[in-house]
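Let me begin by presenting the structure, written as structure tokens, before commenting on it.
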Amino acid sequence: MFKLTRYFSIASLIGMTIVVASLSWFYHHLSYRTIVKHGAGENQVLTTIFANSVWDTVHPYLQKASSMTRDELLSLAQTEALLEQLTQKIRGTPVVKVKIYNRDGVTVFSTDPAQIGEDDSDNPGVKGALAGQIIDEIAYRNEIDSFHGTLSHRNLISSYTPIRSASTGEVEAVFEIYSDITELLTDLRLSTWQILAAAMASLTVLYILLYLIVRRADRIIRHHDSEREASEARMRYQAYHDPLTDLPNRTSFTERLAEIVKATDRGGRLFAVMFIDLDRFKLINDGLGHDAGDHLLRVVAQRISSCVREADQVFRMGGDEFTVVLNTLERPESAAFVARRIIEALSEPIRVYDHELIVGASIGITISPTDSNVPERLVKNADTAMYTAKENGGRRYEFFTKKMNIIANERLEMESALQKAVREGEFELFYQPRIDTATGTTVAMEALLRWHHPRDGLVEPARFISLLEETGLIIPVGEWVLREACRQLKVWHGDGMNRLRISVNISSRQFSAGTLVDDVAAVLADTGLPPQSLELEVTETLLVDNAEVALETLTRLKEIGVCLSIDDFGSGYSSLNYLKQFPVDYLKIDRHFVVDSEYDEKGAAIATAITMLAESLRIKVVAEGVENQRQFDFMTAHYCDEMQGFLFSRPRPAREIKAWLTSQASAKVLVLK
Ligand code: C2E
Ligand code: MG
Ligand code: MG
């Protein structure tokens, strides 16, 4: 911002300095010239007076003196007489010294006798005067011999004046008079300072006055500026917001959509556009009046906003039409969750005056870039889908594409089936052994979740884990897995397999729920298992996405004494930095890198690099998905500490494990050769 007062102050200071400096320079210069002129004039007058009064003495003296030596001149009685005469005349005047030169430029007389007889024919003053001019010089002397004795630190004006013969008019001699102007100059300096101080004082007063005015002006300008900015911001806000609900309006929506399309074009992210239209709004608006309608719309706006995440945006397009942009979607079906939440929220009665109203909403969803990446097309898609939802009876959502509708319905069905599964305990844990490469013994079991679906039979986690995570059901299920796995291990320990450990997969939702550490501690305390017999498997994504929380949680888990491993290492971000920070015991190499070196050289190179890296960081390596002898040989050759895979055993129900372990001795011989 332009700082008027500051600039004024700086400019004033510079201006004042210039004014005062030039004023004092002019004043000093002018006064000095006047003093010099005045002194020189005075010298002239005095010279004329002296010359006239002593000419009778000087004239014969001059004639005599021309042919005499210095000593002769000094011993001359006339010299003494002239000195006396001049001393008397000079008394009371500023003259401190008088010298007389003859036509040859020789000092024939001086009030300072030491100078008598000196040849000054080269002195420019003398030369000039002999040529008929009056020469004035100003000089500063540290010391000067005068009538009044030796004077120090004096400013003098010396004037060389030619003395002409009355008859011929020729220059016969030169008179030089030194006048003392020290006091005049001291007065001049003093008065310069006084003028300076007076100028400074008046300028300062002027400055203060102007400063006060400028400061006031500055405040007024600033006040106006901030008012203008505020009103501009108000206008901008009004231009982009709906005054009734305070939500961003249609203009905002259009701009935002264009921005998102542009951003996702580059990043390839998925996002959804949702059109929401209230089902019975017209009826309410007409029946109860506009005030009731307005009130209803405000509540609807709040309810829709409470159903979306902070990163998502809700807009009011006008009337009873709202839109939502879901900025990032992991999968298109996620939009169905939000739509359902909104429909549920709007199905709750809304109190308007004395009425309990239920409006209901129809929602159309389109996914970008899958359906289109052109803003206008997306708007049209969502609108079409919304009309389909209305035609199908309202209070429902529809995707623009049929396929999406099918997927979303399937997931919806699956979600309620999972909820039932949690309630009725349809889950079971399977266990997959982990073998120590060096000894061939089974050192651990990985607990893997299975779902006994009432219709589809045994379902593998790939089909339902992500849905459990999305719906948050993974929290109770994950807790059950942890408890059940530990309970089972305790049973195996009781059966004599007391060196066996168990590893449990932990999802990132369990991490962010914040109760993991307490749950683990409680389960260990309840089952009485030694903490080191429990291993928790986390994914790289979890560590990278929320490094701070992850570090804190992992550190606390380590303090309890449980082991930690990174699952599917190499398949995620593989930011090697976290390996340094996190207290990890095992890296489980993703099965895509547990390869057959004969057929996959690059995969083999990655597996080799991982084992080398882990070794130097003193982290143990587990190879996952070892399916055949060649893979086993390769991983053994590359210092893999432990292995897991179909080569040893598929995941099995707990009841089969004991028998498998007993039969394992013969398998061990086979595998280790
Ligand atoms: P994971 O933790 O990496 O588990 C290993 C997966 O690889 C298991 O699949 C296992 O059956 C499979 N596998 C083992 N050996 C081989 C092999 O030699 N070849 C092949 N092709 N596959 C092999 P599963 O049981 O279907 O589990 C899949 C994923 O589901 C697990 O991967 C894990 O990320 C997740 N999961 C399983 N149970 C749980 C659980 O209780 N909680 C959480 N959060 N995730 C779980
Ligand atoms: Mg695992
Ligand atoms: Mg794995």
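Both counts, for ligands and for their atoms, begin at 1 and track the order of listing.
- For E446, the N/O/S atom at the shortest distance from the Mg ion (ligand 2) is named OE2.
- Taken from OG in S565 to CD in E446, the straight-line distance is 8.0 Å, to the nearest 0.5 Å.
- Of the protein's non-hydrogen atoms, the one nearest atom 8 (C) of ligand 1 is L448 CD1, 3.9 Å.
- The protein heavy atom nearest to atom 21 (N) of ligand 1 is E627 OE2, 3.1 Å.
- If you check each of S649, P461, G645, G478 against atom 28 (C) of ligand 1, the one with the closest non-hydrogen atom is P461.
- Annotation: atom 7 (O) of ligand 1 to nearest protein heavy atom, R591 NE, 4.4 Å.
- Between atom 25 (O) of ligand 1 and the options E460, R450, E446, Q432, the minimum heavy-atom separation is to R450.
- When non-hydrogen atoms are compared, ligand 1 lies under 4.0 Å from neither the backbone nor the side chain of V477.
- E624 has its closest N, O or S atom to the Mg ion (ligand 3) at the position named OE2.
- Here the N, O or S atom of D567 that is nearest to the Mg ion (ligand 2) is OD2.
- The nearest heavy-atom contact from the protein to atom 38 (N) of ligand 1 is L449 N, 3.1 Å.
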side-chain contact (heavy atoms from CB on, under 4.5 Å) between W480 and F427, worked out: CA-CA 9 Å; W480 174 82; F427 294 110; 3.8 Å; yes
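- Using a 4.0 Å cut-off between a side-chain N of Lys or Arg and a carboxylate O of Asp or Glu, D456 and R463 qualify as a salt bridge.
- The atoms of ligand 1 that sit less than 4.0 Å from any heavy atom of E537 are 2 (O).
- Of the protein's non-hydrogen atoms, F646 N, 2.8 Å is the one closest to atom 18 (O) of ligand 1.
- No option in H453, R450, K420, H452 other than K420 meets the side chain to side chain donor-acceptor pair (under 3.5 Å) test with E426.
- Every N/O-N/O distance between Q510 and ligand 1 stays at or above 3.5 Å.
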S362 vs D277, side-chain hydrogen bond (donor to acceptor under 3.5 Å, both in side chains): CA-CA, chis, key distance, verdict: CA-CA 5 Å; S362 303; D277 192 274; over 6 Å; no
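- Residue E424 qualifies as enclosed at atom CD: its count of foreign heavy atoms under 6.0 Å is above 12.
- Between D279 and R395 there is no salt bridge, since no side-chain nitrogen of the basic residue lies less than 4.0 Å from a carboxylate oxygen of the acidic one.
- Taking 4.0 Å as the cut-off between side-chain N and carboxylate O, D568 and R591 do not count as a salt-bridged pair.
- A salt bridge does not link K262 to E259: none of the charged side-chain nitrogens sits closer than 4.0 Å to a carboxylate oxygen.
- Residue L647 places no N or O, backbone or side chain, under 3.5 Å from any N or O of ligand 1.
- Minimum-distance N/O/S atom of E537 relative to the Mg ion (ligand 2): OE1.
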Working for side-chain hydrogen bond (donor to acceptor under 3.5 Å, both in side chains), residues E469 and S507: CA-CA 8 Å; E469 285 177 338; S507 115; 3.2 Å; yes
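- Taking only non-hydrogen atoms, the option from D567, V481, L468, L429 nearest to atom 32 (O) of ligand 1 is D567.
- The protein non-hydrogen atom at the shortest distance from atom 5 (C) of ligand 1 is E624 OE2, 3.9 Å.
- Counting heavy-atom neighbours within 6.0 Å of E428 CD, excluding the residue itself, gives a total above 12.
- The distance from ligand 1 to the heavy atoms of G625 drops below 4.0 Å at these ligand atoms: 15 (N), 16 (C), 17 (C), 18 (O).
- In summary, of the residues considered (F648, W660, W492), a ring-ring contact (aromatic ring centres under 6.0 Å, His included) with Y431 occurs for W492 alone.
- None of the N, O or S atoms belonging to S503 lies under 2.8 Å away from the Mg ion (ligand 2).
- Of the charged side-chain nitrogens involved, at least one lies within less than 4.0 Å of a carboxylate oxygen, so that E535 and R501 count as a salt-bridged pair.
- Given atom 11 (O) of ligand 1, the protein heavy atom at minimum distance is P651 CG, 3.3 Å.
- Take the N/O/S atoms of D568: the one nearest the Mg ion (ligand 3) is OD1.
- Considering T539, N505, V594 only, the shortest heavy-atom separation from atom 45 (N) of ligand 1 involves N505.
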